[in-house]
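Heavy atoms only: backbone and side chains are in, while hydrogens, waters and symmetry mates are out.
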Amino acid sequence: MNDPIVVTMDLRKTYRRVVALEGLNLEVPRAAIGLLGPNGAGKSTLIKLLLGLARPTAGAATLLGIDVGRAAVKVRERVGYLPESDCLPSDVTAADFVAHMAEMSGLPAKNARLRAAETLYHCGLDEERYRRLKEFSTGMKQRVKLAQAIVHDPDLVFLDEPTNGMDPAGRDDMLRLVARIHRELGITVILSSHILEDVEEVCDYVIMLDHGRLVAAGPVNDLIEGAGDIVVEIEGDIEAFLSRISAAGLAVTRRDSELSIEHRDDEVFDLIRDAAADLGVALRSLHVGTRSLEDVYIQRVVAKHVQEGASVQPAR
């Protein structure tokens with residue numbers, strides 16, 4: 001149980017000239033895991049590789065201790081998958097569909113029916129289970145997709161954008177369901193999302209990807225622990241001040257006249273003071289802010305692209 005649930009070794013995937021994943025090395029423990037990054041970061045590609053639905057260009061991966069490249073079918077017997085796309089058949093009932101998926105996972109027909117009913121109940125679709133799927137709202141369809149992903153009691157479930165298209169109330173309900181699956185049913189969850197709040201609410205371990213590369217990975221508490229950023233509001237030549245701080249190798253983000261500067265150690269305060277004095281800018285305020293998962297994301301992903309002059313679609 002203490003072995004990593006996911007291990008990747010120099011995992012790479014390209015589509016012609018497009019690099020979807022670039023040399024990914026991971027050792028991921030059993031946890032509620034957030035796979036975070038903007039659209040196009042490589043999240044769905046990584047899931048497909050781990051499920052054996054796509055072949056890597058280079059490198060290797062194991063899932064639950066099984067070599068994905070050699071035993072993809074064995075891997076899929078022990079995992080569930082909620083896809084991002086709307087792929088449900090329209091003219092069958094929720095009960096029939098989930099029972100069919102349970103049978104496809106190896107359950108006998110009678111047991112599959114019972115498990116389908118129980119799982120739909122836990123997913124909040126007890127009264128609607130005999131309605132045809134074409135009559136379901138987007139939120140209800142997402143619940144059906146979740147039910148079919150866990151009906152066979154997998155060790156691990158991949159959830160690819162599970163709150164996609166849901167209203168705020170439905171999104172909150174879905175996130176509570178996901179948390180319950182991990183905490184009460186003991187199923188390891190890998191939640192792929194471009195929405196920071198979803199990951200922060202449910203997950204205790206996070207993997208951040210950007211343009212196919214690993215940006216950060218680790219327990220959420222470790223990533224956000226310690227003092228937060230130093231928040232400085234200045235009056236004067238902001239661009240010159242920003243350049244001076246950035247030249248020292250510190251991550252800086254700007255909101256109007258306010259700068260958030262990476263707090264590595266207390267010497268950063270001396271650097272801020274000296275920069276302000278040399279450039280003749282006035283420090284209107286200075287305080288240590290709190291640090292969140294969003295701060296980590298902005299520092300390690302968005303700030304890098306801003307400094308390089310590249311465009312980026314940030315996670316929300």
Inset, instruction - Measure from the side-chain N and O atoms of D204 to the backbone N and O of A32, and report whether any donor-acceptor pair falls under 3.5 Å. - result: yes
Legend entry - Verdict with reasoning, I272 to D274, per side chain to side chain contact (heavy atoms under 4.5 Å, CB included): CA-CA 6 Å; I272 293 170; D274 294 344; over 6 Å; no
Inset, instruction - Please answer whether the main-chain N or O of A282 pairs with a side-chain N or O of E235 as donor and acceptor at a distance below 3.5 Å. - result: no
Legend entry - Nearest heavy atoms of A275 and F241, plus distance in Å: CB-CE1, 3.8 Å
Inset, instruction - Decide side chain to side chain donor-acceptor pair (under 3.5 Å) for H194 and E161; before the verdict, give the C-alpha distance in whole Å, the side-chain angles of both, and the deciding distance to 0.1 Å. - result: CA-CA 8 Å; H194 65 285; E161 303 285 358; 3.0 Å; yes
Legend entry - Shortest non-hydrogen contact from G165 toward T138: O-CG2, 3.6 Å
Inset, instruction - State, with a plain yes or no, whether a side-chain heavy atom of T14 is found less than 4.5 Å away from one of E22. - result: no
Inset, instruction - Report, as yes or no, whether the 6.0 Å neighbourhood of atom CZ on R213 holds more than 12 heavy atoms from other residues, nucleotides or ligands. - result: no
Inset, instruction - Report, as yes or no, whether the 6.0 Å neighbourhood of atom CG on D256 holds more than 12 heavy atoms from other residues, nucleotides or ligands. - result: no
Inset, instruction - For residues H263 and V288, determine if any side-chain heavy atom of one lies less than 4.5 Å from a side-chain heavy atom of the other. - result: yes
Inset, instruction - Enumerate the residue pairs fulfilling salt bridge (charged side-chain N to carboxylate O under 4.0 Å, His left out) with a member in residues 99-123, sequence neighbours excluded, ordered by first and then second residue. - result: D96-R113, R115-E118
Inset, instruction - Indicate yes or no: at least one non-hydrogen side-chain atom of L250 is less than 4.5 angstrom from one of L271. - result: yes
Legend entry - Main-chain N/O of L293 paired to E200 side chain as donor or acceptor, under 3.5 Å: yes
Legend entry - Nearest-0.5 Å distance that lies between atom CG in L146 and atom CG in L82: 6.0 Å
Legend entry - Backbone of S85 reached by a side-chain donor or acceptor of K145 within 3.5 Å: yes
Legend entry - CZ (R180) with more than 12 external heavy atoms under 6.0 Å: yes
Inset, instruction - Report yes if the side chains of C203 and Y205 come closer than 4.5 Å at any heavy-atom pair, otherwise no. - result: no
Inset, instruction - Please check if the side chain of Q142 supplies one atom and the backbone of G139 the other of a donor-acceptor pair under 3.5 Å. - result: no
Legend entry - Straight-line distance of L63 CG to R76 CZ, nearest 0.5 Å: 11.0 Å
Legend entry - Check: E77/H152 side-chain N/O donor and acceptor closer than 3.5 Å: no
Inset, instruction - Mind listing the closest non-hydrogen atom pair of A216 and L223 along with its distance? - result: CB-CD2, 4.3 Å
Legend entry - Evaluation steps, side chain to side chain contact (heavy atoms under 4.5 Å, CB included), between F269 and I230: CA-CA 8 Å; F269 291 103; I230 301 171; 3.8 Å; yes
Legend entry - Within 6.0 angstrom of Y130 OH, more than 12 heavy atoms from elsewhere: no
Inset, instruction - Give the minimum heavy-atom separation between D173 and R143, together with the two atoms involved. - result: CB-NH2, 3.1 Å
Inset, instruction - Please lay out, stage by stage, how D155 and V79 fare under the test side chain to side chain contact (heavy atoms under 4.5 Å, CB included). - result: CA-CA 6 Å; D155 296 307; V79 303; over 6 Å; no
Inset, instruction - Grab the two heavy atoms, one from D210 and one from P38, that are nearest each other, plus how far apart they are. - result: OD1-CG, 3.8 Å
Inset, instruction - Kindly say whether I5 contributes a backbone atom to a donor-acceptor pair with the side chain of R30 at under 3.5 angstrom? - result: no
Legend entry - With T8, the side chain to side chain contact (heavy atoms under 4.5 Å, CB included) member among L214, L24, L21: L24
Inset, instruction - Please examine the side chains of D153 and I187, heavy atoms only from C-beta on, and report whether any two atoms are closer than 4.5 Å. - result: yes
Legend entry - Spacing of I238 atom CD1 and L259 atom CG [to the nearest 0.5 Å]: 6.5 Å
Legend entry - V231 backbone acceptor or donor facing D229 side chain under 3.5 Å: no
Inset, instruction - Kindly indicate whether a cation-pi arrangement holds for K134 with F136, taking the cut-offs as under 6.0 Å to the six-membered ring centre and within 45° of the axis. - result: no
Legend entry - Heavy-atom check, side chain of S90 versus side chain of L133, under 4.5 Å: no
Inset, instruction - Could you check if a side-chain atom of L159 sits within less than 4.5 angstrom of a side-chain atom of V189, using non-hydrogen atoms only? - result: yes
Legend entry - Between OH on residue Y81 and NZ on residue K48, distance to nearest 0.5 Å: 6.0 Å
Inset, instruction - For the pair R129 (side chain) and D126 (backbone), establish whether a donor and an acceptor sit closer than 3.5 Å, ignoring hydrogens and angles. - result: yes
Legend entry - Spacing of CZ belonging to R78 relative to CG belonging to L156, to within rounding of 0.5 Å: 9.5 Å
Inset, instruction - Answer yes or no: does atom CZ of R70 have more than 12 heavy-atom neighbours from other residues, nucleotides or ligands under 6.0 Å? - result: no
Legend entry - Test item: Y15 and T57 side chains (from C-beta on) under 4.5 Å apart, heavy atoms: no
Legend entry - salt bridge (Lys or Arg N to Asp or Glu O under 4.0 Å) partner of E233, the single match among R284, R254, R255: R284
Inset, instruction - Please report the shortest heavy-atom distance between L49 and P56, naming the atom on each side. - result: CD2-N, 3.5 Å
Legend entry - Short side-chain donor-acceptor distance under 3.5 Å, D67 and T62: no
Legend entry - Crowding at NZ, K13 (>12 non-hydrogen neighbours, <6.0 Å): yes
Inset, instruction - Would you please test V215 and L209 for side chain to side chain contact (heavy atoms under 4.5 Å, CB included) and show each step? - result: CA-CA 5 Å; V215 174; L209 299 178; 6.0 Å; no
